[in-house]
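Read the structure below first, then the notes.
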Amino acid sequence: MDRYLVFGHPVRHSKSPFIHTLFARQTQQELEYGLAEPAVDEFAHALRTFFDQGGKGCNVTVPFKEQAFTLVDRLSTRAKRAGAVNTIKLTDDGVLLGDNTDGAGLVADLKSHGVTLADSRILLLGAGGAARGALAPLLAELPSELVIANRTHTKAQQLAAEFHDLGPVTAQAYEQLAGPFDLVINSTSASLQGELPPLTPALIHTDIAIYDMMYGASDTAFISWAKQHGARQTMDGLGMLVEQAAEAFTVWRGIRPGTKQVLRELKRNLGVI
């Protein structure tokens, strides 16, 4: 039976085995999917050992995505742009192909919620790995403008300059942001600590769409804050988790699983519904 893993540290909380088991059942694919939690300095050895022992593919999560980028034989275009790898496939000719499905998962989830990206004005909060992975797929949807805001403004400027060839992307300091925006995406990890990006409430209006890449059994701090200031459409990153997994499954197996029922089952598993 074909074997797949998710590498991370820590990783025992991961819902990837749950998701991919449902995908396999749905698409009648025979595979097994497990967890691997090597020490931070043992990831390269663990990855090589997995594929040497017949592994077919893996997902890679924190803190190994940038390291995986350097360990594969070939990179997809979107992995090159993201500067990180979250999906690895052993190809038929024995090559380790590194890919990044995070941005595609974000865009797919936004569309599933009916969010219009073309000709929209998007504010992306944060300039770390999550933002980097999202930029190319978001710009491919042809927004009118994509603004990056980050606590360290120079990082936002560097990121905007790096992706400027793909579309109208700029960097603005938090205190200089001026609306209206159609969509605000929080790619920072602030919600994990119950904290908020330094965003003025004046940017929130009833027709804005709010997306937090983090998720939990209840609203994140950012989503709660946006609702308090009048946002009617708010989304967390649980759908992105399922959509990026579906994209990875497609890379591995060549068949696209459906995500709606799997997302419902995941929410039930987490006690969200």
Side-chain angles (χ1 to χ4, degrees), residues 10 13-16 18-19 61-62 102-103 105-117 120-135 138 143 146-153 155-156 172-245 259-260 262-273:
H13 67 284
S14 173
K15 293 300 179 182
S16 292
F18 181 87
I19 294 169
T61 187
V62 176
D102 286 332
L106 169 65
V107 168
D109 192 37
L110 285 166
K111 289 182 175 180
S112 76
H113 283 95
V115 176
T116 299
L117 297 173
S120 64
R121 190 162 184 254
I122 301 172
L123 173 59
L124 180 62
L125 307 179
R132 176 180 291 275
L135 274 168
L138 285 171
L146 194 155
V147 177
I148 305 170
N150 189 60
R151 288 181 187 269
T152 306
H153 183 51
K155 281 192 69 177
Q172 293 180 19
Y174 273 103
E175 60 272 16
Q176 295 174 333
L177 291 172
F181 290 100
D182 302 297
L183 169 65
V184 178
I185 300 170
N186 181 23
S187 78
T188 75
S189 59
S191 288
L192 293 177
Q193 289 81 42
E195 298 172 355
L196 294 169
L199 197 65
T200 172
L203 292 177
I204 306 300
H205 54 87
T206 55
D207 294 327
I208 201 168
I210 298 292
Y211 195 100
D212 194 338
M213 289 190 187
M214 302 298 112
Y215 63 88
S218 58
D219 284 346
T220 67
F222 184 63
I223 285 177
S224 294
W225 174 84
K227 284 181 175 179
Q228 289 168 9
H229 293 285
R232 289 187 297 197
Q233 184 176 20
T234 59
M235 301 149 279
D236 69 14
L238 196 61
M240 176 181 171
L241 175 68
V242 175
E243 293 290 351
Q244 66 81 22
T259 55
K260 289 184 179 180
V262 173
L263 180 57
R264 282 195 294 269
E265 292 293 334
L266 180 58
K267 286 180 176 179
R268 193 170 291 116
N269 178 264
L270 291 170
V272 177
I273 58 174

Note, Ile210 side chain near Ile204 side chain (heavy atom, < 4.5 Å)
yes
Result of checking Glu243, Met213, Gln244 against Leu106 for side-chain contact (heavy atoms from CB on, under 4.5 Å)
Met213
Does the side chain of Ile223 come within less than 4.5 Å of Asp236's, by heavy atoms?
yes
With a 4.5 Å heavy-atom cut-off, do Thr116 and Asp182 have their side chains touching?
no
For His205 and Phe181, indicate whether the former's side chain and the latter's backbone hold a donor-acceptor pair under 3.5 Å.
yes
Indicate yes or no: at least one non-hydrogen side-chain atom of Val262 is less than 4.5 angstrom from one of Phe18.
no
Could you please spell out the steps behind the side chain to side chain contact (heavy atoms under 4.5 Å, CB included) verdict for Tyr174 and Leu125?
CA-CA 9 Å; Tyr174 273 103; Leu125 307 179; 3.8 Å; yes
Looking at Ala127, is its backbone amide N or carbonyl O close enough to the side chain of Asn150 to form a donor-acceptor pair, meaning the two atoms are under 3.5 Å apart?
yes
Separation between CG of Leu146 and CD1 of Ile185, rounded to the nearest 0.5 Å
7.0 Å
Got a second to check how far Arg232's CZ is from Lys227's NZ, nearest 0.5 Å?
13.5 Å
Roughly how far, to the nearest 0.5 Å, is CG of Asp102 from OG1 of Thr61?
8.0 Å
About how many Å separate CG of Leu183 and CG of Leu124, when rounded to the nearest 0.5 Å?
9.0 Å
Hey, does Pro143 have a side-chain heavy atom less than 4.5 Å from the side chain of Leu138?
no
Is Asn186 close to Leu199 at the side-chain level, that is, under 4.5 Å between some pair of heavy atoms?
no
Could you check if a side-chain atom of Glu265 sits within less than 4.5 angstrom of a side-chain atom of Ile19, using non-hydrogen atoms only?
no
Taking every heavy atom of Arg121 against every heavy atom of Pro180, the minimum-distance pair comes out as NH1-O, 3.2 Å
Is there a donor-acceptor contact under 3.5 Å from the side chain of Thr206 to the main chain of Ala231?
no
For a 4.5 angstrom cut-off between non-hydrogen side-chain atoms, does Leu123 reach Leu177?
yes
Step-by-step side chain to side chain contact (heavy atoms under 4.5 Å, CB included) determination, Thr188 to Arg151:
CA-CA 10 Å; Thr188 75; Arg151 288 181 187 269; over 6 Å; no
Distance-minimising heavy-atom pair for Ala221 and Ser191
N-OG, 4.2 Å
Output for pair (Met240 CE, Asp109 CG), nearest 0.5 Å, gives 8.5 Å
What distance do Tyr211 atom OH and His113 atom NE2 have between them, rounded to the nearest 0.5 Å?
7.0 Å
Quick one: closest heavy-atom pair of Gly126 and Ser187, and the distance?
CA-OG, 3.7 Å
